[in-house]
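I have placed the structure first, in the form of C-alpha cells, so that the comments after it can refer back to it.
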Amino acid sequence: MTFRLYDTATREVRDFVPLEEGKAGLYVCGLTVQSEPHVGHVRSAVNFDVLQRWLRHAGYEVTFIRNVTDIDDKILVKAAEQGRPWYNLAYAMKRELDKAYAALNVAPPTYEPAATGHIPEMVELITELIARGHAYAAEDGSGDVYFDVRSWPQYGELTRQKIDDMEAAEDADPRGKRDPRDFALWKGWKKESEPETAAWPSPWGPGRPGWHIECSAMASKYLGTAFDIHGGGVDLRFPHHENEQAQSRAAGHPFASYWMHNAWITTAGEKMSKSLGNSLLIPEVLKRVRGIELRYYLVAAHYRSHVEFSFEALDEVAVGFRRIESFLERAGSPQLERAVSPQLEGAISPQLNGKGPDSASDTSLSQQLNENVQLPQGFVEAMNDDLGTPAAVAVMYDAVREGNRMLGAGDTDGARRLASDVLAMLDVLGLNPHDPAWPTTGGSNDHQLTQAVDVLVAGLLEQRARARANKDFAAADAIREQILAAGIEIEDTPTGPKWSLEAGTT
RNA sequence: GGUGGGUUGGCCGAGAGGCGAGGCAACGGACUGCAAAUCCGUGUACACGGGUUCAAAUCCCGUACCCACCUCCA
C-alpha cells in the first residue's frame, strides 16, 4: 500500500508519487521569529515532523526544509518597542523556538534557512519576474517592487478564488500598486522609521524582501524548481502560499506537487494569539505535562482536524499516554531491535553543498528513523492513509491491552513482543520514551535524588511488609498513606511492591 | 460578497453507505487482606428538517449555528 496524502490544491487524497523515485523533497513554512512559540506554533512543527519520520520509515531519502523568517514588519516594530536591535530579538526568539522543538522531540530539518541569509537569491528571482513582465518597481519612487497579479491569469488557482471576488486590501500605502491585490516582493527602505541594518542593496534601491518571495527563493535553492510537498498552517494558504506559487510559476518553476496544511489549535473557540495571555506558551504548558505528553496530545489528533485546546483534555490524554508507558515498563522496558542501514545514513546526510546539518542530535535522528523496523499492518495502513495518526494510536492501544492481558496470563515473552511493537510504533511517531533526543530533566542530581528516595521508601515498604505478614493491616495501610502523602504511589506486583511518583505531579 | 472547514455519547476524539475506532471518566465484575495497577463487561452517539437506498453519522436538497482565510498569522 502506498502513501496517500490529502492535497489541498486538488482537495482530494492522492497517492504520493515523488518526482524522483525513492526521494522526497519537503518544504514547510516555519515561523516568523517575533515572539515566544505557543502550542499552536508547535503543532505545525510536530505534524510535519511526523510526516518526515513516516516518509523516512517508508524508505524515502528525505530532504526537509523548514525556513525561519527573521526579518519582517512585526519583528522591526517589536524590536523598536523593546528598544533592542531587530536581529537581537529575532535571534532570541529563534532560540526559544529551538528549545520548544527540542522539548517536543521535533527532529531538525535537513536545512533551516533564514530569510536574511538568502537576499541575493531573492533579488535574482525578483529580477527574473520583472524581466518576464510579472513584476514591476513601484512608480512612486518608494523602492517597492510588486508582483503584478493581473499579469498571471492563474492567480488564485491554489485557493480557487477569482481576483475580482477578493476584497481589496486595506492597504495603508497603496500608491505604488497597479492593482490593490498586487503584493510586495521587495520593500523599499523607509529611512525615517526603519534601521539601516534592516536594508540590503538591490537594483531598486536599499530595502528588504517581502514575505512570500523568501519561501519561493529558498525552496528552489534547496529543493530545486520542482519539488514534492509544500506544507504549513491553513492560514498560510492565502495569501502566502497562493503568492508563492504564483511567483514561482510565473518565473517558470513548476514548484510544489502537493500542498499540505495543518489545522488550527484554538482556545475558547478562538485562534491562539498573544492577546489571550501567555498561558499557552510552551514553557508554561510544560510546567503541567511533560514534552512527550504534549507531543502525544498533538499527534493523537489528525493533522487536518481542528483541535480545541484545553488543559483538561491535555491532562486526560497524558493519563492515557502513561498507560502505554507503564505497559512498556511492566513488560520489561524493551529496546528497539534494529540495525541502522547505510541507506538510512544516506537519507539524513547532506545532499547539497557538501555541508552537513549542524545539529548535534544528528546521530540520534539516524537511530530513530529506520525502515527496518516491522510495524503492525493496521498501523502502517493508518499512517499511509494521509497520516491517520488517530487510527494508528488505536492500533497501539490494542497492542497495549493485549500485552497487559498476556502479562496477566504469565506470557512474558508474548508481552515483550508486543511491547517492542508498541515501542516501534511510538518511535515512528517521535514518542519513544527511551529516545535520547528527549531532554533530560535533572541529570546526575536527579539520579542521586531517586536513589535517596528509593532507600527511604524501601525502608518503609519493609515495615509495611512486616505489618502485612502479621496481618496488622491498619499499620500497613497507615504506612502506605504516609508514602502517598509524600506524592509516591505504591503498587503491589507479583515480584513485590514498586513505588513511583504520583502521576501528574512531575 | 468570495473561498474553505466544521457540528459525533459525560468529556476528548476517529470514521465517510451495511460488523458501535480508540482514549479519559463512570458503573458492575475478576484479581487484592483492603487498595493500586491490570483484565473482562456495560453506551443503542453522530446539529435540525426532508429525500435517495434493501441499508444513511456517511450520499442529495434545505435550515440553523460555529470557525478560518480574503495581501506579510502555524
Side-chain angles (χ1 to χ4, degrees), chain A residues 8 11 28-32 34 37-48 69 72-74 146-147 149 156 159-162 164-171 177 180-184 187 209-214 231-240 242-243 261-266 269-273 297 300-302 304-308 310 312-321 323-324 326-327 330 378 382 388-398 401-409 468 471-474 476-477 480 484 489-493 497-498 500:
Chain A
T8 320
R11 289 193 295 182
V28 173
C29 290
L31 287 184
T32 299
Q34 45 120 351
H38 58 57
V39 177
H41 292 132
V42 296
R43 177 184 193 183
S44 181
V46 167
N47 286 156
F48 288 105
T69 297
D72 92 320
D73 289 350
K74 283 187 180 168
Y146 294 108
F147 183 85
V149 160
T159 50
R160 297 173 188 238
Q161 299 183 92
K162 298 194 185 91
D164 292 315
D165 289 338
M166 294 176 193
E167 279 181 4
E170 289 181 38
D171 202 309
K177 290 187 181 182
R181 290 98 176 165
D182 288 352
F183 56 89
K187 310 182 85 155
W211 179 34
H212 317 300
I213 200 72
E214 297 172 11
V234 277
D235 58 324
L236 298 183
R237 291 173 65 232
F238 194 92
H240 188 51
E242 186 72 69
N243 291 354
H261 292 98
N262 65 278
W264 289 104
I265 291 196
T266 56
E270 282 182 65
K271 187 167 157 176
M272 278 191 189
S273 72
Y297 176 73
H302 188 85
R304 283 194 286 122
S305 290
H306 168 110
V307 169
E308 171 71 18
S310 76
E312 291 71 25
L314 181 61
D315 289 343
E316 280 184 13
V317 160
V319 168
F321 186 73
R323 186 154 76 88
I324 299 175
S326 103
F327 164 62
R330 278 156 48 87
T389 51
V393 165
V395 172
M396 215 156 54
Y397 273 103
D398 288 342
R401 194 182 321 105
E402 181 60 22
N404 274 323
R405 195 183 292 137
M406 285 175 169
L407 281 175
R468 290 179 71 199
K471 307 253 185 247
D472 184 358
F473 296 120
D477 289 349
R480 187 168 63 197
L484 188 63
E489 286 179 333
I490 300 304
E491 186 184 331
D492 288 323
T493 74
K498 280 173 57 182
S500 59

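The basis for the numbers below is simple: all heavy atoms, side chains too, and nothing from hydrogens, waters or symmetry mates. Quick note on labels: first sequence line is chain A, next is B, and so on, each numbered from 1. As the structure is a prediction and not an experimental result, all values here were calculated from the model.
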*Distance from A/Glu402 atom CD to A/Phe327 atom CZ, nearest 0.5 Å?*
9.0 Å
_If I pick the P atom on B/G51 and the same atom on B/A57, what distance separates them, to the nearest angstrom?_
15 Å
*Presence of donor-acceptor pair under 3.5 Å, side chain of A/Asp164 and base of B/G2*: no
*Please state whether the phosphate of B/U38, meaning OP1 or OP2, lies under 4.0 angstrom from any side-chain nitrogen or oxygen of A/Arg330.*
no
*Does any nucleotide pair with B/A14 by Watson-Crick or G-U wobble geometry, both distances under 3.5 Å, and what is it?*
none
*Which nucleotide sits closest to the side chain of A/Asp72: B/A37, B/G33, B/C73?*
B/C73
*Is A/Arg401 touching bases, backbone alone, or none of the nucleic acid, heavy atoms closer than 4.0 Å?*
sugar-phosphate
_Between B/C34 and B/G29 - P atom distance, rounded Å_ = 13 Å
*Give one of base, sugar-phosphate or nothing for A/His302, where a contact means two heavy atoms less than 4.0 Å apart.*
sugar-phosphate
*Base, sugar-phosphate alone, or nothing: which one does A/Thr493 contact when heavy atoms must sit under 4.0 Å apart?*
nothing
*So what does A/Ala184 touch, heavy atoms closer than 4.0 Å: a base, only the sugar-phosphate, or nothing?*
base
*Paired with B/C65: which nucleotide, if any, by Watson-Crick or G-U wobble criteria at under 3.5 Å for both distances?*
B/G6
_As a test of reading the structure: which of B/C24, B/U71, B/G2 is closest to the side chain of A/Pro239, going by heavy atoms?_
B/U71
*asked:* By the 4.0 Å heavy-atom rule, please label A/Phe183 as base, sugar-phosphate, or nothing.
replied: base
*Describe the nucleic acid contact of A/Arg468 in one word from base, sugar-phosphate, nothing, applying a heavy-atom distance below 4.0 Å.*
base
*B/U3 phosphate, OP1 or OP2: any side-chain N/O from A/Lys162 under 4.0 angstrom?*
no
_Closer than 3.5 angstrom, by distance alone: can the side chain of A/Glu214 be matched with the main-chain N or O of A/Thr69 as a donor-acceptor pair?_
no
_Separation of B/G23 P from A/Asp315 CG (nearest whole Å)_ = 19 Å
*Consider the side chain of A/Ile265, meaning its heavy atoms from C-beta on, and name the nucleotide among B/A37, B/G23, B/A74 that approaches it most closely.*
B/A74
_Which nucleotide in B/G33, B/A25, B/U71 has an atom nearest any side-chain atom of A/Val319_ = B/A25
*From B/G13, B/A74, B/U71, pick the nucleotide closest to the side chain of A/His212?*
B/U71
*From B/A74, B/G13, B/G22, nucleotide with atom closest to A/Thr32 side chain*: B/A74
_Whether the side chain of A/Arg323 engages the backbone of A/Arg401 through a donor-acceptor N/O pair (distance < 3.5 Å, no angle test) should be reported._
no
_Looking at B/U71, I'd like to know if its phosphate oxygens (OP1 or OP2) sit under 4.0 Å from a side-chain N or O belonging to A/Asn243._
no
*Between the base of B/A35 and the side chain of A/Asp477, is there a donor-acceptor distance below 3.5 Å?*
no
*Taking atom types as modelled, find out whether A/Gln161 and A/Thr159 have a side-chain donor-acceptor pair closer than 3.5 angstrom.*
yes
*Go ahead and name the base partner of B/A55; Watson-Crick or wobble counts if both distances stay under 3.5 Å, otherwise write none.*
none
*Is A/Gly408 touching bases, backbone alone, or none of the nucleic acid, heavy atoms closer than 4.0 Å?*
nothing
*asked:* Nearest whole Å is fine: how far is B/A37 P from A/Ile490 CD1?
replied: 13 Å
*If only side-chain N and O atoms of A/Ser305 are considered, is one of them under 4.0 Å from the OP1 or OP2 phosphate oxygen of B/A14?*
yes
*Which of these nucleotides, B/A74, B/C70, B/G22, is closest to any side-chain atom of A/Asn262?*
B/A74
_Watson-Crick or G-U wobble mate for B/C46, both contacts under 3.5 Å_ = none
_Trace of the side chain to side chain contact (heavy atoms under 4.5 Å, CB included) decision for A/Val39 with A/Arg43_ = CA-CA 6 Å; A/Val39 177; A/Arg43 177 184 193 183; 5.8 Å; no
_Using Watson-Crick or G-U wobble geometry with both distances under 3.5 Å, which nucleotide pairs with B/U71?_
none
*asked:* Using the six-membered base ring of B/G22, report whether A/Tyr397 stacks on it, requiring centroids under 5.5 Å and planes under 30° apart.
replied: no
*Taking CD from A/Glu308 and P from B/A14, how many angstroms apart are they, rounded to a whole number?*
13 Å
_A/Gly156 backbone acceptor or donor facing A/Glu242 side chain under 3.5 Å_ = yes
*Between A/Glu491 and A/Arg43, name the one whose nearest nucleotide on RNA chain B is closer to the 5' end.*
A/Glu491
*Please measure how far the P atom in B/U58 lies from the corresponding atom in B/G18, and state the result in whole Å.*
11 Å
_Closest nucleotide among B/G5, B/A14, B/C11 to the A/Arg11 side chain_ = B/G5
*Separation of A/Leu236 atom CG from B/A68 atom P, in whole Å?*
15 Å
*Using the C1' atoms only, state how far B/G22 lies from B/A55, rounded to an integer number of Å.*
26 Å
_Base of B/C73 paired with side chain of A/Arg237 (donor-acceptor, under 3.5 Å)_ = no
*Toward the 5' end of RNA chain B, by each residue's nearest nucleotide, A/Gly210 or A/Gln161*: A/Gln161
*If we take the P atom in both B/C61 and B/G5, what is their distance in whole Å?*
14 Å
*Quote, to the nearest angstrom, the C1' distance that separates B/A56 from B/A16.*
10 Å
_Would you measure the distance from the P atom in B/G23 across to the matching atom in B/G43 and give it in whole Å?_
16 Å
*Can you measure from CG (A/Leu484) to CD (A/Glu489) and round to the nearest 0.5 angstrom?*
6.5 Å
*Counting just side-chain N and O atoms, does A/Arg160 come under 4.0 Å of either OP1 or OP2 of B/C70?*
no
*Name the closest nucleotide to the A/Asp492 side chain, picking from B/A74, B/A35, B/C39.*
B/A35
*Determine the Euclidean distance between corresponding P atoms of B/A26 and B/A45; express it in Å to zero decimal places.*
23 Å
*Remember a base hit wins even if backbone is also touched, and classify A/Gly30 as base, sugar-phosphate or nothing at under 4.0 Å, heavy atoms.*
sugar-phosphate
*Under 3.5 Å, is there a donor-acceptor pair between the side chain of A/Tyr297 and the main chain of A/Ala313?*
no
*Among the nucleotides B/G33, B/A37, B/A74, which one has an atom lying closest to any side-chain atom of A/Trp264?*
B/A74
*asked:* Could you identify the nucleotide paired to B/C27, looking across every strand shown and requiring Watson-Crick or G-U wobble geometry with both distances under 3.5 Å?
replied: B/G41
*With side chain to side chain contact (heavy atoms under 4.5 Å, CB included) as the test, would you mind laying out the steps for A/Phe48 and A/Asn262 before giving the verdict?*
CA-CA 9 Å; A/Phe48 288 105; A/Asn262 65 278; 3.6 Å; yes
